[in-house]
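Read the numbers this way: they start at 1 and go in the same order the structure lists the ligands and their atoms.
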Amino acid sequence: MSENTTPMPDFTRWPSFPFEGDMRVKKLAPPVEVEPPRSGEDGSDCVACGTPDEGYIWVSERWRVRAMDRPTGLPMVLILECRSHLDLGDLPNLLAAELGVMTVRLERAIRSLDGVARVHVNRWGDGSAHLHMWFLARPYGRLQLRGTFLSLWDDILPVVPESQWRESLALVAAWLADFGGKANAEPAHIEWESPGTFAVPDSVDPEPDGRRPTTLGDVEAAES
Ligand SMILES: [Zn+2]
């Protein structure tokens, strides 16, 4: 019956750490001998491979960019995927080189949005086997959101209005399409003209059903 006396790490005192109050470090579970397969590990049940182009905001011959199902707390969260069922370390040289170009291009596109100060690019890969790179936009002026906790803040901040989010998706998709490929995301203008079919709540957090869209935390925690 030993108390967990692991000291709280320094980062819990950083201004960017989202939580306060009494906390303690979780007990570390023993390591497993054989790790379970990730989602889509054998290629047959891969969500990315099974999603048609219409599920993406922009597509090209070898790359696709998708958004979350619904807006979240950050102004923009996007995922870049290669079409081929490959993980990062498996990319042939052509795709590896293109990944660099696509990463820079998408970072610029998201950073061009109003109110975006910085775009953080992340690849974890513990949830799904199919390569997926996360692009998370930090809102301008929100210095408290700087750094490694940005993905946590995405689930904490009030959800951005859906109309604004759709407008941003369309802008990013159009930016990418300027270099090739096809933009699928439409601006929200048309939907604004039919009130009653498209409710934008003033206060969107929490959602009525208490469920947020699938976000980084959900995906990365799905296998744990
Ligand atoms: Zn796949």
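Distance alone, capped at 3.5 Å, places no donor-acceptor pair between the D87 side chain and the H130 backbone. The main-chain N or O of G125 is found under 3.5 Å from a side-chain atom of R38 such that the two form a donor-acceptor pair. Between the side chain of W165 and the backbone N or O of V159 there is no donor-acceptor pair closer than 3.5 Å. Under the 3.5 Å distance criterion, the side-chain polar atoms of R108 are left unmatched by any main-chain donor or acceptor of R105.
With a cut-off of 2.8 Å, the protein N/O/S atoms near the Zn ion (ligand 1) add up to 4.
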Please output the side-chain donor-acceptor pairs of residues 52-61 that fall under 3.5 Å, not counting sequence neighbours, one pair per line with the distance.
from: D53; atom 1: OD1; to: R64; atom 2: NH1; distance (Å): 2.8
from: D53; atom 1: OD1; to: R83; atom 2: NH1; distance (Å): 3.1
from: D53; atom 1: OD1; to: R83; atom 2: NH2; distance (Å): 3.3
from: D53; atom 1: OD2; to: R83; atom 2: NH2; distance (Å): 2.9
from: Y56; atom 1: OH; to: R64; atom 2: NH2; distance (Å): 3.2
from: Y56; atom 1: OH; to: E81; atom 2: OE1; distance (Å): 2.5
from: W58; atom 1: NE1; to: G180; atom 2: O; distance (Å): 3.0
from: S60; atom 1: OG; to: W63; atom 2: N; distance (Å): 3.2
from: S60; atom 1: OG; to: W63; atom 2: O; distance (Å): 3.3

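Shown here is D178, whose CG atom has more than 12 heavy atoms of other residues, nucleotides or ligands within 6.0 Å.
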